[in-house]
2 protein chains.
Amino acid sequence: MPAARGGGTGKPGPTLEQVAARAGVGRGTASRVINGSPRVSERTRAAVQAAVAELGYVPNRAARALAAGSMDAIALVVPEQENRLFAEPYFSEILRGVSTELADTDMQLLLTLIRDERGRERFRQYAAAHRVDGVLLVSVHGDDPLPDLLRDIGMPAVISGRRSHDEHVPYVDSDNLLGAQLAVEHLIGRGRRKVATVTGPLDMYAARCRLDGYHEALRAAGRPDGHLVEEGDFTEEGGHRAMRRLLEREPGLDAVFCASDVMAAGARIALREAGREVPDEVALVGFDDSAVARHMDPPLTTVRQPIEEMGRAMVRMLLGLMTGRRERAVRDTAGQHHLVLPTELVRRRSS
Amino acid sequence: MPAARGGGTGKPGPTLEQVAARAGVGRGTASRVINGSPRVSERTRAAVQAAVAELGYVPNRAARALAAGSMDAIALVVPEQENRLFAEPYFSEILRGVSTELADTDMQLLLTLIRDERGRERFRQYAAAHRVDGVLLVSVHGDDPLPDLLRDIGMPAVISGRRSHDEHVPYVDSDNLLGAQLAVEHLIGRGRRKVATVTGPLDMYAARCRLDGYHEALRAAGRPDGHLVEEGDFTEEGGHRAMRRLLEREPGLDAVFCASDVMAAGARIALREAGREVPDEVALVGFDDSAVARHMDPPLTTVRQPIEEMGRAMVRMLLGLMTGRRERAVRDTAGQHHLVLPTELVRRRSS
DNA sequence: GAAAGCAGTGGGAGCGCTCCCATTCGTGCG
DNA sequence: CGCACGAATGGGAGCGCTCCCACTGCTTTC
């Protein structure tokens, strides 16, 4: 389904040829100046730059891409999950970071929302056809084949969050385990006796890590009471249901660690319905430090991830991979491409 | 600052030429099939399509763009305001709509965050160089020169929200005035006597409309008490401060209409600080129906805008403008390019 | 003092596509 | 039966750029 074609969109603007003519140099030389090659005399450089300024020259991206074989563009791929939620603040933050880091580059950012198998296949073709030079993958599920697929076709890619402990694809992650541990230690430190947890979908590694952190903190405190576990799905509704199940199983629980703020919001509602006071009867801690955390009543204690910084780090890593591939071919610098950023506890009144 | 250049990014994939050879036809014919031209015999079409499938051919976008002069891409431009907030849920929703509507197209979506004068200039050049075929402008301030600038260089553009009542640039807006009116009527209908409002920044037309709706509702109820107005800036902090000022001016107020949910969240905090119960002593209504509205305690009555639908409508309008320009040159169909979508009141417990 | 370097430069050869001008048929008409 | 005309097709001419080879004057080296 071709969408818009046909003869040209408007006045084309000056070409390299015209710039070169105006500067009184050859096309090659003008190109060299524009691309910052060192092999140009100072005089010539100045002349070309003047011509560029006078003519308001802007390189034609399509021509450049065609000739050079690279697109000067990276794709940010967002699988829009079935549940369509995809924690919104997370996304915005990542985007901000990515965009910030890209601002000093003349890379373009292509946004691709994949919502079904058709979309996935479309993107696969895109990548295979090298329509972008690199890919940032956000919110990847454990069984997502896309990362390996990209590796197979030699497309540089960085994912946010590992899919498993020994993820081999370059990634930027945050320290989910330690974050969860901090949260639960905090709860224990406040004298809570029966600490439950609402996990994320356990086919996601991040969710698994947060659960491990929960167990780890309990174990470290010499308290093997880590059986109060219910699985949620990172949605408010899921948190709500999981909390209800917990209350049924153990009416006497006095603390809950939720693996996301949104689920904590759901849990909060369930607690209110059950007439439990927060934090007096039940302490509540979330994860993400998203906007809802601040707006809950009482404001939610939570674990903060440096999401914007993760976005920036992903771009830096991807850019490195991209130039790296050119400069040192396949020299095995393997590694350096795994980054885990620290998380921190943000104390508010819910605990 | 060239970022990534150098020799090609990888194995190039089959070209049109190869497809044509395989199908035993000429390059031109193959092109015709791929672009759905009717001037091809059924037999030939089938042969080419088979070759495409066998070879896994995907057209090279750069080459196409270069030859055809159009980029098959539109830019979504988001000025990232000074206050850096840019109501996040709004953005995500728009994005979802845009992306959905674009899914059936082979248009690319380029995301451009403009954060300073430099970025703005960079984008201006982009547009001038026709690096995209159309532009979607989100969250435009009243004094933003970008829309007119784009018109001057002949770049199709659609903005979300008018900048003034007689906006001449194509736009998709929601009925802010009626929405605000509904909200305030609702408040009056619930027996509230002293209805205040926290407005958005009044250099934004949308904020102005919501204020007008407030006044209109009051006037219609025969109550010219529309003096309890304080200006906010669409941030939580701003809402908080504005609410404090209102309470100072009129401790006896019993209802507040905030021009955004986020400001309502700020106002909620100020009310809590002042010991006012919501909704018993003071009823609160917001605008946007964003996520915070549902998570507030009590959940916030608010005015819903069909944001995702606005995103979709913007794309449809832009696509229309883009093909329109080609097909009927400058025939003055002027109009049809202003769309105002309805808003509705969502009642929750805060009022 | 001649050979050999090298910085600086010009411009040809494509990149893969679309556009469009032929060219080749087949058919309808005078 | 010959001519004209349209449908179907082939392929040349670029689109604006980057890459790279060839070329010019110098300066360096033995």
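To find a chain, count down the sequence lines: A is the first, B the second, and so on, and within it residues start at 1.
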Mapping A:Asn60 and B:Gly26 onto DNA chain D by nearest heavy atom, which one lands closer to the 5' end?
-> B:Gly26
Measure from [atom1] on [X] to [atom2] on [N] and round the result to the nearest Å.
| X | N | atom1 | atom2 | answer |
| --- | --- | --- | --- | --- |
| A:Asn35 | D:dG16 | CG | P | 17 Å |
| B:Leu66 | D:dA13 | CG | P | 17 Å |
| B:Leu16 | C:dC17 | CG | P | 5 Å |
| B:Arg61 | C:dC17 | CZ | P | 12 Å |
| B:Glu17 | D:dG11 | CD | P | 9 Å |
| A:Met71 | C:dC15 | CE | P | 17 Å |

In this structure, which one of B:Ile114, B:Leu113, B:Val78 forms a side chain to side chain contact (heavy atoms under 4.5 Å, CB included) with A:Ser99?
-> B:Leu113
Using side-chain contact (heavy atoms from CB on, under 4.5 Å) as the criterion, list what pairs up with [X], not counting sequence neighbours.
| X | answer |
| --- | --- |
| A:Ala67 | none |
| A:Ser160 | A:Tyr90, A:Val138, A:Met314 |
| A:Glu101 | A:Arg312, A:Val315, A:Arg316 |
| B:Arg118 | A:Asp104, B:Asp116 |

Just jot down the salt bridge (charged side-chain N to carboxylate O under 4.0 Å, His left out) partners of B:Glu117, sequence neighbours excluded, or say none.
->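 B:Glu117 satisfies salt bridge (charged side-chain N to carboxylate O under 4.0 Å, His left out) with no residue once adjacent residues are dropped.
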Sequence neighbours excluded, which residues qualify as salt bridge (charged side-chain N to carboxylate O under 4.0 Å, His left out) partners of B:Asp148?
->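 Residues passing salt bridge (charged side-chain N to carboxylate O under 4.0 Å, His left out) with B:Asp148: B:Arg151, B:Arg163.
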So which nucleotide from [options] ends up closest to the side chain of [X]?
| X | options | result |
| --- | --- | --- |
| B:Arg27 | C:dG16, D:dT9, C:dC17 | C:dC17 |
| B:Tyr57 | C:dC17, D:dG10, D:dG16 | C:dC17 |
| A:Ala67 | C:dG16, D:dG10, C:dG14 | C:dG14 |
| B:Arg64 | C:dT18, D:dC17, C:dG16 | C:dT18 |

Between the protein and nucleotides 20-27 of chain C, which nitrogen or oxygen pairs are less than 3.5 angstrom apart?
residue	atom	partner	partner atom	Å
C:dC20	N4	B:Arg32	NH2	3.3

Taking atom types as they are modelled, is there a donor-acceptor pair under 3.5 Å from the base of C:dT9 to the side chain of A:Arg39?
-> no
What is the bend of the helix from C:dG1-D:dC30 to C:dG30-D:dC1 when you compare the axis at one end with the axis at the other, using five pairs each and rounding to 10°?
->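 End-to-end axis angle: 50°.
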Do B:Thr100 and A:Arg115 meet the criterion of a side-chain donor-acceptor pair at a distance under 3.5 Å?
->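 On atom types as modelled, these side chains qualify, holding a pair under 3.5 Å.
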Classify the side-chain pair A:Tyr126/B:Gln108 by whether it contains a donor and acceptor separated by less than 3.5 Å.
-> yes
Does A:Ser31 make a side-chain N or O approach to OP1 or OP2 of D:dT18 shorter than 4.0 Å?
->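 Checking A:Ser31 against D:dT18: at least one side-chain N or O falls below 4.0 Å of OP1 or OP2.
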Show the atom names and distances, to 0.1 Å, of all donor-acceptor pairs under 3.5 Å that link a side chain in residues 48-57 of chain B to residues at least two apart or in another chain.
residue	atom	partner	partner atom	Å
B:Glu54	OE1	B:Arg22	NE	2.6
B:Glu54	OE1	B:Arg22	NH2	2.4

Taking side chain to side chain donor-acceptor pair (under 3.5 Å) as the test, write out the residues that go with B:Arg122, two or more places apart.
-> none
Under 3.5 Å, sequence neighbours excluded: what are the donor-acceptor pairs made by side chains of residues 26-34 of chain B?
residue	atom	partner	partner atom	Å
B:Arg27	NE	B:Glu17	OE1	3.4
B:Ser31	OG	B:Asn35	ND2	3.4

Contact list for DNA chain D against residues 40-55 of chain B - heavy-atom distance below 4.0 Å |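 Those residues are B:Val40, B:Ser41, B:Thr44.
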